[in-house]
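These numbers were taken from a predicted model, which means no experiment stands behind them.
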Amino acid sequence: MHAFQDSRARYLFEAVSNGSVRAAAEKLGIVPSAVSRQISLLEEELSVTLIERHRTGVVPTAAGQLILDYYRQHQSHQHDMLAKVDAVRGLRSGNISVVSGEGFAQELIEGPIRQFRQQYPNVSIALEIYGTNEIVRRVREDVAEIGLVYYAPADSRITSRGSAHQPMHAIVAPGHPLSRMAHTSLQQLSEWPVALLQGVYGIRQLVEYAEHAEKIRLSPALTSNLISVLMGFVTSGQGVTLLPQCAVTTELQQGRVVAVPINNPALLSADVQLITRAGRQLSPAANRFLQYCMQGMQAFQEAA
């Protein structure tokens with residue numbers, strides 16, 4: 001049986017996670033040759049090839065994937081141990097990693113994060129913003145402890161710790177003709193300039209599913225990967241966008257936009273979820289922060 005140095009598995013992990021040896025080196029703050037050397041030494045120790053180099057980057061072999069799984073499990077076990085140490089410390093220090101969609105960021109900062117830090121000022125929170133698929137991947141692979149996601153895909157390795165019904169709405173400026181309607185439809189929306197999210201976002205995936213179900217195709221006048229850009233399109237009077245109310249809480253409260261329900265089964269049934277990896281033991285700080293999210297976010301309060 002071959003033995004190997006555990007520390008070298010990190011270099012393999014970073015190379016695969018970041019897509020290339022060079023990107024891994026930049027993240028680690030070392031030269032690319034050092035990363036390559038550590039991976040080569042790991043391959044020599046195990047007498048097996050661990051990665052394949054393609055034009056698009058590095059890809060793990062079957063053996064490489066086993067090492068990656070081992071590394072992630074090792075990191076998870078280390079995290080569980082640290083979580084127990086945190087419990088002994090009584091939340092006097094610690095770290096929480098959260099991944100979220102852009103639409104939740106402002107409310108997280110003004111609500112749960114502010115309230116949590118008032119009670120536990122020495123606990124650090126890392127909040128990173130990604131699209132739906134990346135949020136789920138990071139939670140599934142233990143890169144982050146908690147994910148806040150809209151219209152999450154089904155995944156047996158993910159557990160929902162809290163959910164709330166959040167239908168998709170047409171978001172329009174107060175003076176827009178649709179703002180006076182009790183509800184609208186995809187057919188009606190197709191008659192107006194529409195701005196839509198692009199990329200792997202649950203919002204865009206949900207809209208595409210609804211389009212397919214009704215055999216209607218919205219032709220966006222503007223696409224962007226930022227909700228703030230879509231809101232600028234709407235508030236400047238250029239047209240309509242499709243978002244859940246929880247993504248535009250502040251704008252609704254300020255009266256800058258109006259949310260109009262859309263008569264479509266898929267758009268009406270969507271929800272927002274707080275997710276963690278199935279089987280993962282969260283730190284006491286992360287568990288407490290989950291409670292603050294459920295109690296302090298309007299999306300979950302409205303569902304209560």
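Using a 4.5 Å heavy-atom cutoff, the side chains of Y292 and Q119 are in contact. You'll find the side chain of R256 stays beyond 4.5 Å of the side chain of V234, heavy atoms only. Looking at S228 and M231, their side chains never come closer than 4.5 Å, going by heavy atoms from C-beta outward. Residues L41 and R37 are in side-chain contact: their nearest non-hydrogen atoms beyond the backbone lie under 4.5 Å apart. The side-chain heavy atoms of Y209 and L267, taken from C-beta on, include no pair separated by under 4.5 Å. Counting only heavy atoms from C-beta outward, the side chains of P153 and V136 approach each other to under 4.5 Å. When side chains are defined from C-beta on, I262 does not count as touching L268, because their heavy atoms never get closer than 4.5 Å. In this structure the side chain of N264 never reaches within 4.5 angstrom of the side chain of M168, judged on heavy atoms.
The heavy-atom pair separating L242 from V207 by the smallest distance is CD2-CG2, 3.9 Å. Closest heavy-atom contact between S269 and H165: CA-CE1, 3.6 Å. When all heavy atoms are compared, the tightest approach of Y151 to G202 is CD2-O, 3.4 Å. What you find for L12 and G64 is that their closest heavy atoms are CD2-O, 3.9 Å. Heavy-atom minimum distance, S283 versus E145: OG-OE2, 3.5 Å. The minimum heavy-atom distance linking T49 with A63 is given by the pair O-CB, 4.0 Å.
Side-chain contact of N287 with Q291: a donor-acceptor pair under 3.5 Å is absent, judged by distance alone. Side-chain contact annotation: S236 with Q238, donor-acceptor N/O pair under 3.5 Å present.
Other residues, nucleotides and ligands contribute at most 12 non-hydrogen atoms within 6.0 Å of the OH atom of Y11. Dense packing is recorded around CZ of R72, with more than 12 heavy atoms of other residues, nucleotides or ligands lying under 6.0 Å away.
Panel note: side chain E134, backbone G131; no donor-acceptor pair is recorded below 3.5 Å. T241 contributes a side-chain N or O that, together with a main-chain N or O of A195, makes up a donor-acceptor pair within less than 3.5 Å. Formation of a donor-acceptor pair under 3.5 Å by the D155 side chain with backbone atoms of R157 is found in this model.
Between F116 and Y120, the two ring planes are tilted [angle within 30° to 60°].
Within the structure, salt bridge (charged side-chain N to carboxylate O under 4.0 Å, His left out) pairs that include any residue of residues 275-284 comprise D142-R277, D142-R280 (at least two apart or interchain). Residue pairs meeting the side-chain hydrogen bond (donor to acceptor under 3.5 Å, both in side chains) criterion with at least one partner in residues 169-180, sequence neighbours excluded, are absent. For residues 107-129, the pairs satisfying salt bridge (charged side-chain N to carboxylate O under 4.0 Å, His left out) are E128-R138, with sequence neighbours left out.
Partners of N225 according to the side-chain hydrogen bond (donor to acceptor under 3.5 Å, both in side chains) rule, which considers only residues two or more places apart in sequence or in another chain, do not exist here. Among residues two or more places apart in sequence or in another chain, the side-chain hydrogen bond (donor to acceptor under 3.5 Å, both in side chains) test is passed with S100 by none. Listed by chain and residue number, V21, R53 satisfy the side-chain contact (heavy atoms from CB on, under 4.5 Å) test with S36 (two or more places apart in sequence, or in another chain).
With values rounded to the nearest 0.5 angstrom, Q273 atom CD is found 11.5 Å from I135 atom CD1. For the atom pair T249 OG1 and Q254 CD, the distance stands at 11.0 Å (nearest 0.5 Å). Here CG of L50 is found 8.5 Å from CG of L68. Values are rounded to the nearest 0.5 Å. Between R204 atom CZ and T223 atom OG1 the span is 7.0 Å, to the nearest 0.5 Å. Atoms CZ and CG, on F104 and L148 in that order, are 4.5 Å from each other to the nearest 0.5 Å. Atom CG of L66 sits about 8.0 Å away from atom OG1 of T61, to the nearest 0.5 Å.
Put simply, V16 and V143 are part of two different groups of oily side chains (I, L, V, M, F, W, Y) that touch within less than 4.5 Å, one to the next. Tracing side-chain contacts under 4.5 Å through hydrophobic residues (I, L, V, M, F, W, Y), one never reaches V58 starting from V31; they form parts of separate clusters. Put simply, I109 and M297 are part of the same group of oily side chains (I, L, V, M, F, W, Y) that touch within less than 4.5 Å, one to the next. Tracing side-chain contacts under 4.5 Å through hydrophobic residues (I, L, V, M, F, W, Y), one reaches I216 starting from L178; they form part of the same cluster. Following chains of ILVMFWY side-chain contacts shorter than 4.5 Å, one can reach V229 starting from F233, so the two form part of one hydrophobic cluster.
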Open item on the list: Between I113 and F289, is the side chain to side chain contact (heavy atoms under 4.5 Å, CB included) condition met? List the steps.
Closed with: CA-CA 8 Å; I113 291 178; F289 184 71; 3.8 Å; yes
- [ ] Check the pair E26 / R22 against salt bridge (charged side-chain N to carboxylate O under 4.0 Å, His left out), numbers first and verdict last.
- [x] CA-CA 6 Å; E26 291 177 357; R22 181 174 297 277; 5.4 Å; no
- [ ] Apply side chain to side chain contact (heavy atoms under 4.5 Å, CB included) to I171 and E251, showing your working.
- [x] CA-CA 10 Å; I171 308 299; E251 291 83 356; over 6 Å; no
